[in-house]
Amino acid sequence: MQCTLGEMKIMNPFTPPYRRYLLRGAVVLLGIVLVAGVFSYPYIKKLDTTIREKFDGKRWALPATVYARPLELFAGLDLSADMFESELQLGGYRRDQQLSAAGGYTRQGGQFSVVTRGFDYPSGFEPSVHLDITFTTGTISSLTEARSGKTVSLVRLDPARIGSFHLKENKDRLLLDSRDIPALLSSTLLTIEDQHFYSHHGFSPSGILRAFIANIRAGKTVQGGSTLTQQLVKNFFLNNDRTLSRKINEAVMAILLELHYSKDEILTAYANEIFLGQDGARAIHGFALASEFFFRRSLADLSPAQIATLVGMIKGPSLYDPRRRPEICLERRNVVLNIMHTRGIIDQQILDEALAAPLITSGPAIRGFNRFPAFLDLVRRQLRKEYHEEDLTSNGLRILTTLDPQVQLQVERQLARTLTGLETSHHIENLEGAVIISSRENGEILAIAGGKSPLEGGFNRALDAKRPLGSLIKPAVFLAALQHGYALETEVADIAVDWRDPQGNTWRPQNYDRKEHGLVPFYQALALSYNLATISIGREVGLENVLSTASLLGLPGDFPPFPSFLLGTAEVSPLDVAQMYQTLASGGFYVPQRAINSVLSPDGITLKRYGLTIQQRFSPELIFLINHCLQRVIREGTGKTLRRYLPEELAVAGKTGTTDDLRDSWFAGFTGDKLGIVWLGRDDNTPAGVTGSAGAMSVWGEIFKNLNPQRLDLVEPVGIVWQSRWDGDRIPLLGTISDAPHQSTVPAAVPPRVTVPRAKPQRPGFFQTLREWLN
Amino acid sequence: MIAKYIHTTLLALCVTLLAAGCGRRTVVYTPAEPKQSPPDISRRLPPTQPVKPKDPAVQHSPAPTIRQPGPAHALIKDAERAMQGGDFQRAEILVERALRVEPGNGWYWHTLGKVQYKKGATAQAQQFFLKSSSLAGNDRELLQRNQSFMQTMQK
C-alpha cells in the first residue's frame, strides 16, 4: 500500500514483500534460539542442580560454637591483674582508651575499666555492663558499675569462644543471619561492589558496559563488571580462571541463583562466603570471621574505618592484607571512605575521624580457633552420645562448657616445662604426660592435657591411655578396710607373704624399699604406701569387697579378682582415676564428671542442660578418715616433698603412685577447691625412670602453685573423736554417735575392730645385735 | 703365747657368734620413730579464742558453715523467687551458679535440695540435703532443716 505525503512516496516496511522477509528472519531466529535452548537445557539443568545443592547445603552449615566457662567476678576473688588481662584477651577483648563499644577495656596497673558483651545464657540474656575493677595484691578489692559507682556483688564476663565443630573442609566460619549484618556494612558493600544489586537479575550487561568504559578511560582495570551474585558464585564454586567459559558459567549460575533465592539470602551468603584472607592453612571467609581475625571484635562493633578496610580488601585480600601491606591497605581504605562520603553514606565528621584512625588498633590476631583440642575432644565425645555429627557441624549449636582457660594454660605450661626438665635431669627421652583438673565439689572439668604438645591434638592420653594405676588404688583398699571395721590405729602386718592363686601360681610381692616393716598402724601403711601391709589388709577384707569399693568410688571397668589388683595392676585412663578420686574429694558423694554445661540453639534457647547430680556412696565419717590419711601422705608420707611447691598449711590430700620398673608415675591430689590427676610415662610402655613423687607430683605441684589453691579444711562429721598417741600425735577415730542428728543413708562401719594376729616377737638377729653392740 | 691365746679366744668367739646367728629367719621390727607431731592446741589456747590450728588436720571442733551473705547471695534470693514462681529450671541454674562461687556453702546445697523437693525429684533432693549436712559442721539449724525435709520425704 502506498501512502502519499505531498508528492513523496514513502515505502511502508510492512508491505507484503518486506513482511515476508522479516517474518522468515524471525522464524529462523526463533528456530536457532529453540535449538540452542534444547541443546543447552541439560547443561543449564546441571548448573541449576549444582547451585541448589551447594547453596542450600552451605546455607545451613552453621558450625557449633564452643565456649569456656564465664569468669565470675566478685570482691575478694583471688585473681591477679595479669591473669585477668589474659582472660580478657583470650575472650577477644581489646584495649580501647575510648571504651567505645562492648568488648573493650582499659588498664592502668591494677585498675581496669571493662565494657562486657551481652550474652545469652540458659538463665536468660545478660546485657553488656560497664565495670570498674581494682586489683590489689592478687585479689579483686573493688568491683563497681562504672556510671553509677554502685558496688556490684557478682558479675560475669561473657565466656570466651574456644573452638567450633565444623565440616571437614579447612575453612572456618562465623556465620551470620541477615539481621546480623550492620547497615553501614551492607550499604558500603553495595556502593563499592554492586550499586545496582537490587535491580539486576544476577548478571548485569549494563554493569559490564559501564566497567568497560571506565576501564578504557582510565587505561587500566579500575572497575569490575561482576555483580555480587557473580562474585558469590565465584567464591562458592569456581576457581580464579578467567576463561570465557568460566565467565559464561558464572553468568548463568548467577542468574539461576537469583531465580531461586531472594536478594536478602544472596547478600547474607555473600557476607558469609567472601574470601578475605589466609591464616596459615586456614582460609578466612566472611566478614564476621574477618572482623574477629583482623580487629578482634565482633561485626557489630566495627568502626566505619574498619568496615571500609574490610570492604576494600575484597578486590584482593593478599594485595590489601593489612598485616603484610599496611600502606597499600590504608590507601585503599581511604579510597573507600571517600566514596562512602561522596555517596552520602557517611558524613564529613565521620569521614575525618575515620581517615585519621590507625589501620589496626589491637595486637596480633588470634591464631587458630580450636585452641584446646584435648578438651574439645572430650566435649565432642560427650555430645556424640546424644547428637549426630551433622547436628554438631551444621545447626549452629552453642555449647557452653566447663573449661577454665586460666587453669588450662597453667596445665599446658607446667606440663611441658616439667617434662622437659625431667627428661634432662633423669636422662630420659620421649617422656609424655596427661593431666586432668576438676572442681572439687561439683565435678566440673576445668582443664585437660592429652600430652606434652597441647596444640597438636593427636592421641589424647588423658582419655585414652590405659595404664596400671599402681599405688593409686590403695585408698580403695584402705577404704574397704574401714568399711569392714578397721580403724586408723589398727596395727597391720607389713610382712612378706606368698599368695598362691587357684592355678597354683605363687605371687611374692615386695615393698618399694624391699624391706618388711612388721606391725605398723593402718594410717601409716597408707601414708608410706606399704605394699605388703596393703596385701594383708586386702586378704583380710576380701578381694571382692575391695573391687566393690573401687567400683563404688567410680573406677569404671570390670576387673577380675586377681590379688595383684590390690597393688594397682588394673589398667585405667587418667579420666577414670579422676572419677574415682572425685568421690573422695567431694566427701563420699559420687559426682559424674562433666565437661559440658548446656547446649543452646543459635537463638539462645536451651536445648539440653547437664545439671548437677550427686549420690552419697560412703558415710561422711569413713570418708573423713580416709581423706585424713591422704593428708598424712603429703604431711609425712611418700608425698612429703610436695612442700617444695606448696605450703604445708594448705593441708593437701593426695596419693603418689609408681608402677613396676617405674613405667608409670602417678599423682592424685586435691585442695579445698580443685582435684588434679597427673600421669607421666612413655607411650611405648618402657620404664619412664621416675617415681610418682619425683615425676607426676612435681608436675602437680608446679601447676597448683600457680592456681591460688584454697586450703583443704575437711569438715569433721559428728561421729569422730580424736585420740592422742604415745608420741603426741592425734588421730581421728569413729566415736560413739552423739545425740546430734546423724545424717546418712549409708551405715558407718561399727567397731569392734578386727583383731590382727600379732606376729611373734622376734629376737633381733645376729647382724642387728652386732650393729647395736658396735654402736 | 699371749698371741695364741687371743687368737683362740677370737676364733671361739666367732664360732659362738656364728652359731647364735644361724638358722633363724630374721624379721627386724623397728618401732615407728616419733613423728614431728602437731601441737595439741585445744589445751594451749583459752576456749574463748577462736581455734585456728596451724595444722588443720588436728582441728578439734568442726568449722561452721558460712552464714553471712557471700557474693552469690543475690543469686540464691533470685533462685528462691524463681522457685516460688514455679520456674524450677531457672532456680536450679541459679543455685548451681552460686555453688560454683561458694562450693562449700551448706546453705546453698540445702537450697538446691529444696528446688528438687519442690520439683518432685525427692531422691535427688535427699542427696542434696545429705550433702548440705555433710558440710554443716556444727550449724544445728542447718542440720535440723535438712533432717526435717528428709523426714517429710520419708513419710
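Numbers restart at 1 for each chain; the letters A, B, ... are given by sequence-line order, proteins then strands. What you see below is based on every heavy atom in this structure, not just the backbone, and it leaves out hydrogens, waters and symmetry mates.
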A:K608 atom NZ, neighbour heavy-atom count above 12 within 6.0 Å: yes

Pair B:H73-A:L154, side-chain contact (heavy atoms from CB on, under 4.5 Å): steps then yes or no: CA-CA 9 Å; B:H73 188 67; A:L154 182 71; over 6 Å; no

Derivation of the salt bridge (Lys or Arg N to Asp or Glu O under 4.0 Å) call for A:R69 and B:E96: CA-CA 13 Å; A:R69 61 93 188 92; B:E96 285 181 23; over 6 Å; no

All pairs passing salt bridge (charged side-chain N to carboxylate O under 4.0 Å, His left out) where residues 146-155 of chain B contributes a residue, at least two apart: none

So how far is it from [X] [atom1] to [Y] [atom2], rounded to the nearest 0.5 Å?
{"X": "B:S134", "Y": "A:L714", "atom1": "OG", "atom2": "CG", "result": "11.0 Å"}
{"X": "B:R100", "Y": "A:E441", "atom1": "CZ", "atom2": "CD", "result": "13.5 Å"}
{"X": "A:Y121", "Y": "B:I93", "atom1": "OH", "atom2": "CD1", "result": "12.5 Å"}

Region of [X] in contact with chain B, defined by heavy-atom distances below 4.5 Å:
{"X": "A:S439", "value": "neither"}
{"X": "A:V591", "value": "neither"}
{"X": "A:N597", "value": "side chain"}

Presence of salt bridge, A:E444 and B:R97, under 4.0 angstrom: no

Residue pair B:W109, A:L612: steps toward the side-chain contact (heavy atoms from CB on, under 4.5 Å) verdict: CA-CA 11 Å; B:W109 288 98; A:L612 178 55; 3.8 Å; yes

Within residues 111-124 of chain B, residues adjacent to chain A where the heavy-atom gap is under 4.5 Å: B:L112, B:Q124

Contact residues of residues 75-91 of chain B (partner chain A; heavy-atom separation under 4.5 angstrom): B:L75, B:Q89, B:R90

Under 3.5 Å: donor-acceptor pair, side chain of A:E716, backbone of B:G137: no

Largest heavy-atom contact set with chain B, pairs under 4.5 Å, which of A:S598, A:G76, A:S586, A:G124: A:S586

Which pair of heavy atoms, one from [X] and one from [Y], lies closest together, and at what distance?
{"X": "A:I614", "Y": "B:F128", "answer": "CD1-CD2, 3.6 Å"}
{"X": "A:F589", "Y": "B:L130", "answer": "CZ-C, 3.7 Å"}
{"X": "B:P71", "Y": "A:S153", "answer": "CB-O, 3.8 Å"}

Engaged part of B:L99 at the chain A interface, taking heavy atoms whose separation is under 4.5 Å: side chain

Non-neighbouring partners of A:D498 that pass salt bridge (charged side-chain N to carboxylate O under 4.0 Å, His left out), sequence neighbours left out: A:R508

